Protein chains: 2
Amino acid sequence: MALQTSNGSTSIRITEPLCAVFRRQLKAEGQKYTPERAQVLDAIIALDRIFEAEQVIEELRQRQHRVSKATVYRTINLLQDAGIIQRVLTEGDQAQYQLAYGESPSDTLVRLDTREVVDIDVPELAAIAERVCKDLGLRPQGHKLQIFAVAPNDS
Amino acid sequence: MALQTSNGSTSIRITEPLCAVFRRQLKAEGQKYTPERAQVLDAIIALDRIFEAEQVIEELRQRQHRVSKATVYRTINLLQDAGIIQRVLTEGDQAQYQLAYGESPSDTLVRLDTREVVDIDVPELAAIAERVCKDLGLRPQGHKLQIFAVAPNDS
DNA sequence: GTCGGTGCAAATGCTTTGCATTGAT
DNA sequence: ATCAATGCAAAGCATTTGCACCGAC
């Protein structure tokens, strides 16, 4: 499960399933919650990690769900618009995303060995960002932190 | 100038020009330091910010240097291998790079309006990364912070 | 019956590569 | 002379798009 907190403080409340959120957001835009879109979201939730479009397509294949590549890409963009997933910063060539709904998605810990991603809470970062901007006479517009780590017993 | 230090401690020494570094690294691999490669590196140094391949090509055009697109891409890869530039984490579609030789390029401020990038120093981040990893029983492997900002008078 | 959605295939845009030519030691 | 580098054009690859068909209200 992607949702989790650190240091005991429960900063996340699960109020409703993501599919309900997605349906509501689509309705708000006059768009439809189709079976294909539901299947894409389900596949993404099942992946439960940073994912690329190709992995979603593969997951759908394994589930015997016939969703075209084009629809997967289109749905990924819709999910982004809805704030349910978001692109993560990457060095690679392909876009990567993670579930983001309901959390402050700016700070994550990435396990280089397993590719797992954990959202972390770094309360001091907002202040740091503001301080840095102030020093430079700029207006802060957010930040992204990725901390990289591996299992302690590796090589 | 991209090289900079913070809080008084000189962690970076400029021992030799980057072109000399490049030449040495190429020699070590049995490769050649050609005029085209020198021009690409010069253009990158002149850009002095996070750059995309297309910007290098444009800079070379303005300098009336005839270097083919293919050579620019090939040279960018060589510079990466040599550790002189490195890819930065991005949300965009195109690869972006920055000069990396001799610095720890992990913390940057990105101006969303001008795309300028400033290396910043956030000394507390190392401790934060270690604390977070410790909480999760993992071994830290570095971090990347990007702070986003715009001019204060915007909209 | 009107819209939006889907699938397919074609288009797009960044990047890489094959190949003939060129250049340096 | 040899061996690698260059430039060009073509190929590759992830992603987007045009279009005809389909399905839901």
Side-chain angles (χ1 to χ4, degrees), chain A residues 19 22-44 47 50-61 63-82 85-97, chain B residues 19 22-44 50-61 63-82 85-97 115:
Chain A
C19 55
F22 193 24
R23 171 156 37 195
R24 180 158 34 76
Q25 301 270 26
L26 286 170
K27 280 263 165 64
E29 301 282 329
Q31 296 172 312
K32 292 170 188 167
Y33 183 69
T34 65
E36 287 86 355
R37 290 173 181 177
Q39 287 167 2
V40 170
L41 179 52
D42 281 352
I44 286 170
L47 283 170
I50 283 193
F51 62 90
E52 301 168 5
E54 197 53 50
Q55 295 175 296
V56 178
I57 292 164
E58 177 54 29
E59 178 71 21
L60 288 166
R61 210 191 320 271
R63 295 165 166 237
Q64 315 265 19
H65 290 155
R66 309 299 183 84
V67 183
S68 74
K69 192 173 285 204
T71 294
V72 170
Y73 277 102
R74 283 190 277 236
T75 304
I76 284 174
N77 288 334
L78 289 171
L79 287 166
Q80 254 194 117
D81 296 342
I85 63 175
Q86 69 165 199
R87 261 183 107 142
V88 298
L89 301 172
T90 64
E91 280 182 318
D93 292 321
Q94 293 130 255
Q96 300 188 339
Y97 305 85
Chain B
C19 55
F22 193 26
R23 171 156 37 196
R24 180 158 35 76
Q25 301 270 24
L26 286 170
K27 280 265 166 62
E29 301 283 328
Q31 296 171 311
K32 292 170 189 169
Y33 183 70
T34 65
E36 288 85 356
R37 290 174 180 178
Q39 289 166 2
V40 170
L41 178 53
D42 281 353
I44 286 170
I50 282 192
F51 62 91
E52 301 169 4
E54 199 53 48
Q55 294 175 295
V56 177
I57 293 165
E58 178 55 29
E59 176 73 20
L60 288 165
R61 209 192 319 274
R63 294 166 165 235
Q64 316 264 20
H65 290 155
R66 311 300 183 86
V67 183
S68 74
K69 192 174 284 204
T71 294
V72 171
Y73 277 102
R74 282 190 277 237
T75 305
I76 284 174
N77 288 334
L78 289 170
L79 287 166
Q80 253 194 117
D81 295 343
I85 63 175
Q86 67 167 196
R87 261 185 107 142
V88 298
L89 301 172
T90 62
E91 280 182 318
D93 293 321
Q94 293 130 257
Q96 299 189 340
Y97 306 85
R115 307 222 74 188

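Note: hydrogens, waters and symmetry copies are ignored here, and every other heavy atom, side chains too, is used. Every chain is numbered from 1 and lettered A, B, ... according to where its sequence line falls, protein lines coming before strand lines. Treat the numbers as computed from the prediction; the structure is a model and nothing was measured.
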Worksheet entry | Test item: R63(A) and E59(A) side chains (from C-beta on) under 4.5 Å apart, heavy atoms | yes

Discussion item. Distance check needed: dA24(D) C1' versus R23(A) CZ, whole Å only.
Written reply: 15 Å

Practice prompt. Could you tell me whether the phosphate oxygens of dA24(C), OP1 or OP2, come under 4.0 Å of any side-chain nitrogen or oxygen in T34(B)?
Written response: no

Fill in: Of the listed nucleotides dT6(D), dA5(D), dT15(D), the one nearest the side chain of Y73(A)
dT15(D)

Item to complete: Calculate the interatomic distance between L78(B) atom CG and dA4(D) atom C1'; express it in whole Å.
Response: 12 Å

Item to complete: Establish, with yes or no, whether the OP1 or OP2 oxygen of dG5(C) is under 4.0 angstrom from a side-chain nitrogen or oxygen of R37(A).
Response: yes

Practice prompt. For R66(B), answer base if it contacts any base atom (sugar-phosphate contacts may also be present), sugar-phosphate if it contacts only those atoms, and nothing otherwise; contact means non-hydrogen atoms under 4.0 Å.
Written response: sugar-phosphate

Item to complete: Provide the closest heavy-atom pair for V72(B) versus A53(B) in the form atom of the first, atom of the second, distance.
Response: CG1-O, 4.3 Å

Item to complete: Go through dT15(D), dC8(C), dA5(D) for me and flag the one nearest to the A53(A) side chain.
Response: dT15(D)

Discussion item. Taking the minimum atom-to-atom distance to the side chain of S68(A), which one of dT15(C), dT17(C), dG7(C) wins?
Written reply: dG7(C)

Worksheet item: Out of dA5(D), dC3(C), dG7(C), which nucleotide sits closest to the side chain of E36(A)?
Response: dG7(C)

Worksheet item: Looking at dC3(D), dC8(D), dG5(C), which one has an atom nearest to any side-chain atom of K32(B)?
Response: dC3(D)

Worksheet entry | From CD1 (I85(A)) to CD1 (I76(A)), nearest 0.5 Å | 5.5 Å

